[in-house]
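A short write-up of the structure that comes next.
Since the structure is predicted, the reported quantities are computational estimates derived from the model, not experimental observations.
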Protein chains: 2
Amino acid sequence: MAQNGKLAADLVQKLERDIVTGILKPGDKLDERSLSERFGVSRTPVREALQTLAGSGLVATMPRRGTIVASITVAELIEMFEVMAELEAMCARLAARRMPRADIENLIALSEECSALQGHADADAYYEANVRFHEAIYAGCRNSFLERQTKNVRNRLAPYRRLQLHRPGRVKKSNNEHAEILSAISNGEADVAGKLMQQHVAVQGEALNDLLAIVPRGYLEPLAS
Amino acid sequence: MAQNGKLAADLVQKLERDIVTGILKPGDKLDERSLSERFGVSRTPVREALQTLAGSGLVATMPRRGTIVASITVAELIEMFEVMAELEAMCARLAARRMPRADIENLIALSEECSALQGHADADAYYEANVRFHEAIYAGCRNSFLERQTKNVRNRLAPYRRLQLHRPGRVKKSNNEHAEILSAISNGEADVAGKLMQQHVAVQGEALNDLLAIVPRGYLEPLAS
DNA sequence: AACGCATTTCTGGTATACAAAATTGCATAG
DNA sequence: CTATGCAATTTTGTATACCAGAAATGCGTT
């Protein structure tokens with residue numbers, strides 16, 4: 001997609017990984033000089049990388065004020081989850097119609113992987129398995145543009161989605177929903193799969209309040225923006 | 001969003017406009033030096049601008065091979081229209097639920113503007129009115145993230161959508177569909193509005209063949225990519 | 001002691017210079 | 001006459017130097 005030079009491309013990947021995995025948190029400052037020293041390159045590729053990341057929305061740069069890991073407002077968080085739910089629903093609908101049998105078998109395996117990690121102490125392990133399950137469905141929609149678009153929004157929401165796991169009972173409920181979605185896809189029930197996925201991903205009602213309650217300070221912009 | 005320096009931001013706007021309005025066509029080469037001379041700036045802001053445009057997908061840059069106005073494959077074209085239809089459908093669904101009365105009045109005016117330009121000689125005039133009608137619905141969904149996302153995909157499809165108008169009979173059919181969509185939104189029938197919009201935007205069956213038939217060479221990448 | 005203004009310093013924005021890679025054209029050989 | 005390979009030129013990628021604007025700090029005044 002956004003192919004820059006080799007150095008810049010490397011930086012994009014590294015920074016992206018650090019943001020998505022939570023090493024870099026929303027609001028963290030990304031100083032050009034320190035980054036260039038840390039990676040042993042000049043400021044130019046660093047700027048190109050930040051530019052690319054700004055394009056995909058993972059970082060925000062204010063003119064003359066520097067670049068930070070994107071932190072969003074509560075309103076944007078709600079908006080993005082609303083869109084995310086609908087994008088994933090579309091993936092599920094299309095997957096129900098298009099996913100080959102072999103890939104569905106694989107999806108079953110990924111679902112079982114999630115179940116196996118249900119009570120696991122390491123929340124990250126479940127998170128990763130969960131990501132693989134969802135990505136398998138993205139791939140199943142057989143629309144690589146939709147797949148990229150969906151992954152992009154998911155990346156931007158990653159810091160916030162990660163928080164949801166820590167809510168007690170969430171993992172078990174999530175697994176049950178996976179099973180239902182899987183069944184709908186397997187039976188080719190497109191609309192059912194879409195609706196279930198939409199509800200699975202959407203954050204509404206109490207769940208939204210719970211999420212907002214555990215978002216650390218700095219993850220969200222103050223109201224005065 | 002992607003706030004770069006003043007010069008770069010200007011360039012982004014200008015180039016974006018030229019691409020969306022068709023002055024720059026898919027496959028056109030964007031030489032850094034000529035652009036910098038033409039706009040009277042150095043290569044740095046030009047590169048930043050191209051970087052940003054690459055992020056939004058309007059241009060494609062291959063390492064050491066330069067930047068061109070993005071030209072897509074037939075497969076991508078189909079994929080993008082599929083997603084576009086669904087994004088606009090979501091806008092319409094939400095607009096049916098959330099659009100204030102005053103804005104609906106405005107939407108009616110825009111619809112009439114489209115109708116008035118139906119037989120007009122200047123196809124571009126209708127195209128612009130059509131864009132305003134659709135954008136009013138994007139705004140009506142009251143989800144600015146969805147609005148941005150939808151506009152982004154529409155921009156990328158602009159060079160191809162523009163071609164559709166030239167198909168005889170299309171404009172009249174389009175106007176009838178507008179009226180139906182408008183009515184559904186006005187009555188708060190979310191699912192109906194969504195379904196109608198999805199069908200209005202989707203390019204399928206014969207319409208797809210017609211579109212592909214009039215796409216000029218260079219607008220689509222050769223199969224060997 | 002506190003508030004406001006000026007100066008300094010730090011960081012981002014722009015320009016330019018340099019290096020590396022790719023394309024193109026010419027020359028030579030088959 | 002054509003094809004292949006080498007060289008020259010063009011163009012991108014990276015580094016560095018310079019400039020401008022914003023934040024921070026310190027001094028003076030009230």
Side-chain angles (χ1 to χ4, degrees), chain A residues 1-16 18-19 24-71 218 221-222 224-225, chain B residues 1-16 19 24 26-71 218 221-222 224-225:
Chain A
M1 195 195 295
Q3 281 288 25
N4 13 25
K6 198 177 162 298
L7 293 184
D10 277 3
L11 287 179
V12 169
Q13 282 206 339
K14 283 188 179 134
L15 290 173
E16 195 168 76
D18 284 358
I19 293 171
L24 286 168
K25 299 184 199 319
D28 282 1
K29 209 160 181 314
L30 295 172
D31 180 61
E32 293 179 2
R33 276 184 169 80
S34 355
L35 286 175
S36 72
E37 286 171 15
R38 184 172 143 212
F39 291 105
V41 298
S42 85
R43 277 179 54 214
T44 307
V46 170
R47 280 180 68 80
E48 306 245 320
L50 293 179
Q51 197 75 24
T52 297
L53 290 170
S56 73
L58 281 174
V59 308
T61 105
M62 289 93 76
R64 302 267 169 205
R65 302 281 302 272
T67 302
I68 58 169
V69 177
S71 87
E221 282 175 28
S225 176
Chain B
M1 193 193 301
Q3 282 287 25
N4 13 25
K6 198 176 161 302
L7 294 183
D10 276 5
L11 288 179
V12 168
Q13 281 205 340
K14 283 185 180 135
L15 289 173
E16 195 169 76
I19 293 171
L24 287 169
D28 283 1
K29 207 157 183 315
L30 295 172
D31 180 60
E32 294 178 2
R33 205 178 304 275
S34 4
L35 286 175
S36 72
E37 285 171 14
R38 183 172 146 214
F39 290 106
V41 298
S42 85
R43 275 179 54 216
T44 308
V46 170
R47 280 182 68 81
E48 307 242 321
L50 293 179
Q51 197 76 21
T52 297
L53 290 170
S56 73
L58 281 174
V59 307
T61 106
M62 289 92 77
R64 300 270 172 202
R65 302 282 299 273
T67 302
I68 59 169
V69 178
S71 88
E221 281 176 30
S225 177

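- Comparing B/Thr44 and B/Leu30, the nucleotide of DNA chain D nearest to each residue sits closer to the 5' end for B/Leu30.
- By the side-chain hydrogen bond (donor to acceptor under 3.5 Å, both in side chains) test, A/Asp18 pairs with no residue at all, sequence neighbours left out.
- Residues A/Val59 and A/Leu50 share a closest heavy-atom pair of CG2-O, 3.6 Å.
- To the nearest angstrom, P of C/dT16 lies 15 Å from CD of B/Glu32.
- Following rounding to the nearest Å, B/Asp10 (CG) and C/dG13 (P) show an atom-to-atom distance of 14 Å.
- D/dT14 atom P lies 15 Å from atom CD of A/Gln51, rounded to whole Å.
- In this structure, the separation between CG on B/Asp31 and CD on B/Glu37 is 8.5 Å, given to the nearest 0.5 Å.
- Atom pair A/Met62:CE and C/dG12:C1' shows a separation of 12 Å (rounding to whole Å applied).
- When the side chain to side chain contact (heavy atoms under 4.5 Å, CB included) test is applied to B/Arg65, the partners found at least two apart in sequence or on another chain are B/Met62.
- The salt bridge (Lys or Arg N to Asp or Glu O under 4.0 Å) search around A/Glu16 returns none, not counting sequence neighbours.
- Here D/dT14 is the nucleotide among D/dC18, D/dT14, D/dT11 with the atom lying nearest to any side-chain atom of B/Arg47.
- One can place CG of B/Asp31 at 12 Å from P of D/dG13, the figure rounded to the nearest angstrom.
- Considering only side-chain atoms of B/Leu7, the nucleotide from C/dG13, C/dT14, D/dG13 that sits closest is C/dT14.
- Rounded to whole Å, the distance from CZ on A/Arg33 to P on C/dC10 is 10 Å.
- Looking only at distances, no side-chain donor or acceptor of B/Ser34 sits under 3.5 Å from a matching main-chain atom of B/Leu30.
- The stretch residues 34-42 of chain B touches DNA chain C through B/Val41, B/Ser42, each having a heavy atom within less than 4.0 Å of the strand.
- Atoms CD and CG, from A/Gln13 and A/Leu53 in turn, are 11.0 Å apart once rounded to the nearest 0.5 Å.
- Rounded to the nearest 0.5 Å, atoms CG (B/Asp10) and CG (B/Leu15) are 10.5 Å apart.
- Taking CD of B/Glu32 as the reference point, atom OG1 of B/Thr61 lies at 8.5 Å (rounded to 0.5 Å).
- For the pair A/Leu11 CG and D/dG13 P, the interatomic distance rounds to 14 Å; values are reported in whole Å.
- To the nearest angstrom, P of C/dG13 lies 19 Å from CZ of B/Arg43.
- Between the axis at the start and the axis at the end of the helix from C/dA1-D/dT30 to C/dG30-D/dC1 there is an angle of 0°, using five pairs per end and rounding to 10 degrees.
- Nearest heavy-atom pair, B/Glu48 versus B/Ala8, reported as atom, atom and distance to 0.1 Å: CB-CB, 3.9 Å.
- Across D/dT12, C/dT14, D/dA15, the shortest atom-to-atom separation from the side chain of B/Pro45 is found for C/dT14.
- Taking 4.5 Å as the limit, every side-chain heavy atom of A/Lys25 sits out of range of all side-chain heavy atoms of A/Val69.
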All N/O pairs under 3.5 Å across the protein-nucleotides 23-25 of chain C interface:
unit_1	atom_1	unit_2	atom_2	d
C/dT23	OP1	B/Arg65	NE	2.7
C/dT23	OP1	B/Arg65	NH2	3.4

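- A/Thr67 contributes atom OG1, which lies 8.5 Å from atom CD of A/Gln51 (distance to the nearest 0.5 angstrom).
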